[in-house]
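Before we start, here is the structure in question, set down as structure tokens.
Note that these values count all heavy atoms, side chains included, but never hydrogens, waters or copies made by symmetry.
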Amino acid sequence: MDQILKSSRVPAAAIGSFIAEALAKMGLPEADAERVAELMTEADLTGADAHGVFRLPQYVRRLRAGGVNPRPRITVTRTASATALVDGDNGMGHLVMAQAAATAVELARDCGVAWVGARRSNHAGSAGVYAALPLAHDMIGIYSVVASANHMAVWGGAETLLGTNPLAVAIPAGAEAPVVLDIATTVASYGTVKNYRLQGRQMPEGWMVSSRDGSPITDPERSPEGLLLPIGGYKGSGLALVLGLLAGTLNGASFGRDVVDFNADEKSAGDTGHFIVALDIARFTPLAAFTAEVDRHLRDLRASRTLPGFDAIRLPGAERRRRRADRAANGAPLAPELLLQLDRLAVELGLAPLRAR
């Protein structure tokens, strides 16, 4: 709550135009810059604050250093009726995944289900944004990616050979909010750690431990010497492994020791791998019947009895919808430390600052 109280509300249109103009300055075609800006702004609107405009300075640095291709030739190879592989040509990950999601929806219209992999891509921001793209087509979306740096060890290990490899699933509902689950396979994402570092905040115990002796790390400035802890112990570590093999190795993309740390290396291509699945609900049951049942179950769960210490049942997707409506109307909260960083970027690129838009 203290972060929100100190933050300034910035209209989504201002955030989007700032991102688009900055990326255009770095060589992206206008339409591509606007599409990336749209997806990044969606992350800010839905509460993925470490994956929206927060990432812009880093993207600019990588584009300037040659680590990302500003004008990629993204190609799609249809490998079977319900599968395809997207080659991102080292372009912005947002563009690669927008193409992959559109392809998955197109194939699922014909086949009922589609699995689309991607390689030679880059960091694409919030996983939930991409899982939710098939919702507009009355489809279920499932998305994962090999994280753009390794910050976790295999269970019991001391080397950072696994990423936070997230999993996102989006399921349509009727009157209720769509179920959108977006989770890292670590207790906290590394983007959240970076956000804490930017704001000078201490991390809770249980997020990160020392790779030397396993002792807790709460100072985000010490994060380079630490390991992020997996959700559920060995289960989270195993999930990160499986998702990494599916998003990376299956697509001929980087995984494990081969992953380029985009925080430390701004010049090398990321070779990020992703996958997205689109599932046409109507191939299994009538859409209206399905969404009515989803609504019924969500209401039943939300009305269930709570344990002491809990004031309400919270379900994935409900807060996301509430937050999006609030931020679309009132602006997205940006921390003062982030605004100062973006002000410096505006001067550097010759752009009007966010708060002047």
*Find out whether Pro166 and Val145 are in side-chain contact, i.e. whether some heavy atom of one side chain is under 4.5 Å from a heavy atom of the other.*
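Yes; the side chains approach each other to less than 4.5 Å.
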Note to self: Regarding Arg299 and Glu176, does a basic nitrogen lie under 4.0 Å from an acidic carboxylate oxygen?
What the structure shows: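 Salt bridge present between Arg299 and Glu176.
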Review point. Ignoring hydrogens and geometry, is there a side-chain-to-backbone donor-acceptor pair from Asp261 to Ala149 under 3.5 Å?
Key: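 No, because the side chain of Asp261 does not come within donor-acceptor range (under 3.5 Å) of the backbone of Ala149.
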Spell out, as yes or no, whether a donor-acceptor pair under 3.5 Å connects the side chain of Arg55 to the backbone of Ala50.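 Checking the backbone N and O of Ala50 against the side chain of Arg55, a donor-acceptor pair under 3.5 Å is found.
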Do Arg327 and Asp49 sit within salt-bridge range, that is, some charged N less than 4.0 Å from a carboxylate O?
->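 Salt bridge: yes.
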**Prompt:** Is it the case that one hydrophobic cluster holds both Ile313 and Ile171, taking links as side-chain heavy atoms less than 4.5 Å apart, direct or via other members?
**Reply:**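 As far as the 4.5 Å side-chain criterion goes, Ile171 and Ile313 are connected within one cluster.
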Measure from the side-chain N and O atoms of Asp89 to the backbone N and O of Ile74, and report whether any donor-acceptor pair falls under 3.5 Å.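 Flag not set: sc Asp89 to bb Ile74 has no pair under 3.5 Å.
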*Begin with the C-alpha distance, continue with both residues' side-chain angles, and end with the deciding distance and a verdict on side chain to side chain contact (heavy atoms under 4.5 Å, CB included) for Arg320 and Asp182.*
CA-CA 10 Å; Arg320 184 180 192 272; Asp182 178 354; over 6 Å; no
Side chains of Val180 and Pro316: closer than 4.5 Å at any heavy-atom pair?
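Heavy-atom side-chain distance check fails, nothing below 4.5 Å.
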So do Leu339 and Leu354 actually touch side chain to side chain, heavy atoms under 4.5 Å?
->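 Side-chain contact under 4.5 Å: yes.
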Going by atom type alone, with no hydrogens or angles, which donor-acceptor pairs under 3.5 Å involve a side-chain atom of residues 103-118 and a protein atom two or more places apart or on another chain?
from: Thr103; atom 1: OG1; to: Gln99; atom 2: O; distance (Å): 2.8
from: Thr103; atom 1: OG1; to: Gln99; atom 2: NE2; distance (Å): 3.1
from: Arg109; atom 1: NH2; to: His137; atom 2: ND1; distance (Å): 3.0

I want to know whether Trp207 and Tyr190 have ring centres closer than 6.0 Å.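 No: the rings miss the under 6.0 Å criterion.
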| said: Side-chain heavy atoms nearer than 4.5 Å, only ILVMFWY residues, links allowed to pass through others: does that put Ile142 and Phe290 together? | reply: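 Yes, one cluster joins them.
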Report task. For residues Asp326 and Arg321, determine if any side-chain heavy atom of one lies less than 4.5 Å from a side-chain heavy atom of the other. Result ->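 Not touching, per the 4.5 Å side-chain cut-off.
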Worksheet entry | Electrostatic pair Glu266:Arg62 at N-O distance under 4.0 angstrom |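 No.
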Is there a donor-acceptor contact under 3.5 Å linking the side chains of Ser8 and Arg355?
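Side-chain D/A pair, Ser8 to Arg355: absent.
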Task: Rounded distance (nearest 0.5 Å) linking atom OG1 of Thr291 with atom CG of Asp138 - done: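 Spacing of OG1 (Thr291) from CG (Asp138) equals 8.5 Å.
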**Derivation of the side chain to side chain contact (heavy atoms under 4.5 Å, CB included) call for Gln58 and Lys194** = CA-CA 12 Å; Gln58 182 179 24; Lys194 291 171 72 174; 3.1 Å; yes
Is any side-chain heavy atom of Thr77 closer than 4.5 Å to a side-chain heavy atom of Asp87?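 No, their side chains stay 4.5 Å or more apart.
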**Asked** Looking at side-chain heavy atoms only, is the closest gap between Pro178 and Pro172 below 4.5 Å?
**Response**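 The answer is no, as the side chains (C-beta and beyond) never meet within the 4.5 Å cut-off.
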Shortest non-hydrogen contact from Leu298 toward Ala177
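Shortest heavy-atom separation between Leu298 and Ala177 comes out as CD1-O, 3.9 Å.
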ask   = Same cluster or not: are Leu345 and Leu28 linked, directly or through other Ile, Leu, Val, Met, Phe, Trp or Tyr residues, by side-chain heavy atoms under 4.5 angstrom apart?
value =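 Yes, Leu345 connects to Leu28 through the hydrophobic network.
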Can a donor-acceptor pair be found, under 3.5 Å and without considering hydrogens, that links the side chain of Tyr130 to the backbone of Gly141?
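Looks like no, no N/O pair under 3.5 Å.
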Is it the case that the side chain of Ser211 and the backbone of Glu225 share a donor-acceptor pair, with hydrogens and angles ignored and the cut-off at 3.5 Å?
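Such a contact is found between Ser211 side chain and Glu225 backbone.
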* To do: May I ask you to decide if Ala43's main-chain N or O and Ser126's side chain share a donor-acceptor pair within less than 3.5 Å?
  =>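 Such a contact is absent between Ser126 side chain and Ala43 backbone.
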Would you tell me whether Arg323 and Thr46 have side-chain atoms, one donor and one acceptor, within less than 3.5 Å of each other?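 The answer is no; no qualifying pair exists.
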Specify the closest pair of heavy atoms between Asp280 and Met139, including all atoms of both residues, with the distance to one decimal.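 Smallest interatomic distance, heavy atoms only, reads CA-CG, 3.9 Å.
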Quick check for you: to the nearest 0.5 Å, what is the distance between Ser121 atom OG and Arg119 atom CZ?
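Between atom OG of Ser121 and atom CZ of Arg119 there are 12.0 Å.
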| said: Arg344: which residues meet the salt bridge (charged side-chain N to carboxylate O under 4.0 Å, His left out) condition with it, sequence neighbours left out? | reply: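 Arg344: no salt bridge (charged side-chain N to carboxylate O under 4.0 Å, His left out) contacts found.
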Derivation of the side chain to side chain contact (heavy atoms under 4.5 Å, CB included) call for Met40 and His51: CA-CA 7 Å; Met40 289 175 66; His51 290 298; over 6 Å; no
- prompt: Looking just at side-chain N and O atoms, do Thr41 and Asp44 make a donor-acceptor pair shorter than 3.5 Å?
  reply: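 The answer is no; no qualifying pair exists.
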*For the side chain of Asn122 and the backbone of Gly93, is there at least one donor-acceptor N/O pair under 3.5 Å apart?*
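No; zero donor-acceptor contacts below 3.5 Å.
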TODO: Kindly indicate, with the supporting measurements, whether the criterion side chain to side chain contact (heavy atoms under 4.5 Å, CB included) is fulfilled by Ser7 and Leu334.
DONE: CA-CA 5 Å; Ser7 298; Leu334 301 184; 5.7 Å; no
inquiry  = With a 4.0 Å cut-off on N to O distance, would you call Arg357 and Glu21 a salt bridge?
reply    =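 Counted as a salt bridge, because a side-chain N and a carboxylate O are separated by less than 4.0 Å.
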Between the main-chain N or O of Leu167 and the side-chain N or O of Ser144, is there a donor-acceptor pair closer than 3.5 Å?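 Side chain of Ser144 to backbone of Leu167, a donor-acceptor pair under 3.5 Å: no, none is there.
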For residues 250-260, run the donor-acceptor check on the side chains, cut-off 3.5 Å, and write out each pair with its distance to 0.1 Å, sequence neighbours left out.
from: Asn251; atom 1: ND2; to: Ala247; atom 2: O; distance (Å): 2.8
from: Asn251; atom 1: ND2; to: His274; atom 2: O; distance (Å): 2.8
from: Ser254; atom 1: OG; to: Asp271; atom 2: OD2; distance (Å): 3.0
from: Arg257; atom 1: NH1; to: Glu159; atom 2: OE1; distance (Å): 3.1

TODO: Taking all non-hydrogen atoms of both residues into account, name the closest pair between Ala173 and Asp295 and its distance.
DONE: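 Where Ala173 meets Asp295 most closely, the heavy atoms are CB-OD1, 3.4 Å.
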Open item on the list: Strictly below 4.0 Å, N to O, side chains only: are Arg64 and Glu348 in salt-bridge contact?
Closed with: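 Salt bridge between Arg64 and Glu348, a charged N being under 4.0 Å from a carboxylate O: yes.
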Using 0.5 Å steps for rounding, measure from the CG atom of Leu39 to the CZ atom of Arg35.
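Separation between the atoms: 4.5 Å.
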Review point. Would a hydrophobic clustering, with Ile, Leu, Val, Met, Phe, Trp and Tyr connected at side-chain separations under 4.5 Å, put Tyr196 with Leu198?
Key: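 Tyr196 and Leu198: separate clusters.
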Review point. If you round to the nearest 0.5 Å, how far is CG of Leu227 from OG of Ser210?
Key: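 One gets 7.5 Å once the value is rounded to the nearest 0.5 Å.
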My understanding is that only residues two or more places apart in sequence, or in another chain, count here; which of them pass ring-ring contact (aromatic ring centres under 6.0 Å, His included) with Phe54?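 So Phe54 forms no ring-ring contact (aromatic ring centres under 6.0 Å, His included) with any residue.
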Query raised in the report: Does the pair Glu42/Arg324 count as a salt bridge with the N-to-O cut at 4.0 Å?
Result: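 Yes, Glu42 and Arg324 are salt-bridged.
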request  = Starting at CG of Leu56, measure out to CG of Leu338 and round the result to the nearest 0.5 Å.
outcome  =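 Result: 9.5 Å between the selected atoms.
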Next item on the list: Nearest 0.5 Å please: distance from the CZ atom of Arg78 over to the OG1 atom of Thr83.
Entry: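 Result: 8.5 Å between the selected atoms.
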TODO: Mind checking ring-ring contact (aromatic ring centres under 6.0 Å, His included) for Phe262 and listing every partner two or more places apart, or none if nothing turns up?
DONE: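 Phe262: ring-ring contact (aromatic ring centres under 6.0 Å, His included) contacts with His123.
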Ser268 side chain vs Asp265 backbone, donor-acceptor pair below 3.5 Å: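 Between the backbone of Asp265 and the side chain of Ser268 there is no qualifying donor-acceptor contact (under 3.5 Å).
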- request: Hydrophobic side-chain clustering at under 4.5 Å (ILVMFWY, transitive links): who's grouped with Tyr234? Put none if nobody.
  value: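 Once heavy-atom contacts under 4.5 Å are chained together, Tyr234 belongs with Trp155.
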**Prompt:** In terms of heavy-atom contacts, does CD of Glu319 have more than 12 from other residues, nucleotides or ligands at under 6.0 Å?
**Reply:**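 Above 12, so yes.
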Closest approach of Arg71 and Gly27, non-hydrogen atoms and distance?
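So the minimum-distance heavy-atom pair works out to NE-O, 3.0 Å.
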Path from Val277 to Met97 over hydrophobic side-chain contacts below 4.5 Å =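 Different hydrophobic clusters.
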* To do: Could you pull out the closest heavy-atom pair between Thr218 and Glu205, with the gap in Å?
  =>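 Heavy-atom minimum between the residues: CG2-CG, 3.6 Å.
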For Ala65 and Lys267, work out which heavy atoms get closest and say how close.
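Result for this residue pair: O-CG, 3.8 Å.
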Q. Should Leu342 and Val53 count as side-chain neighbours, where that means a heavy-atom distance under 4.5 Å?
A.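 Of all side-chain heavy-atom pairs linking Val53 with Leu342, at least one is under 4.5 Å.
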(message) A side-chain contact here means heavy atoms from C-beta on lying under 4.5 Å apart; do Leu228 and Val187 qualify?
(response)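 Side-chain contact under 4.5 Å: no.
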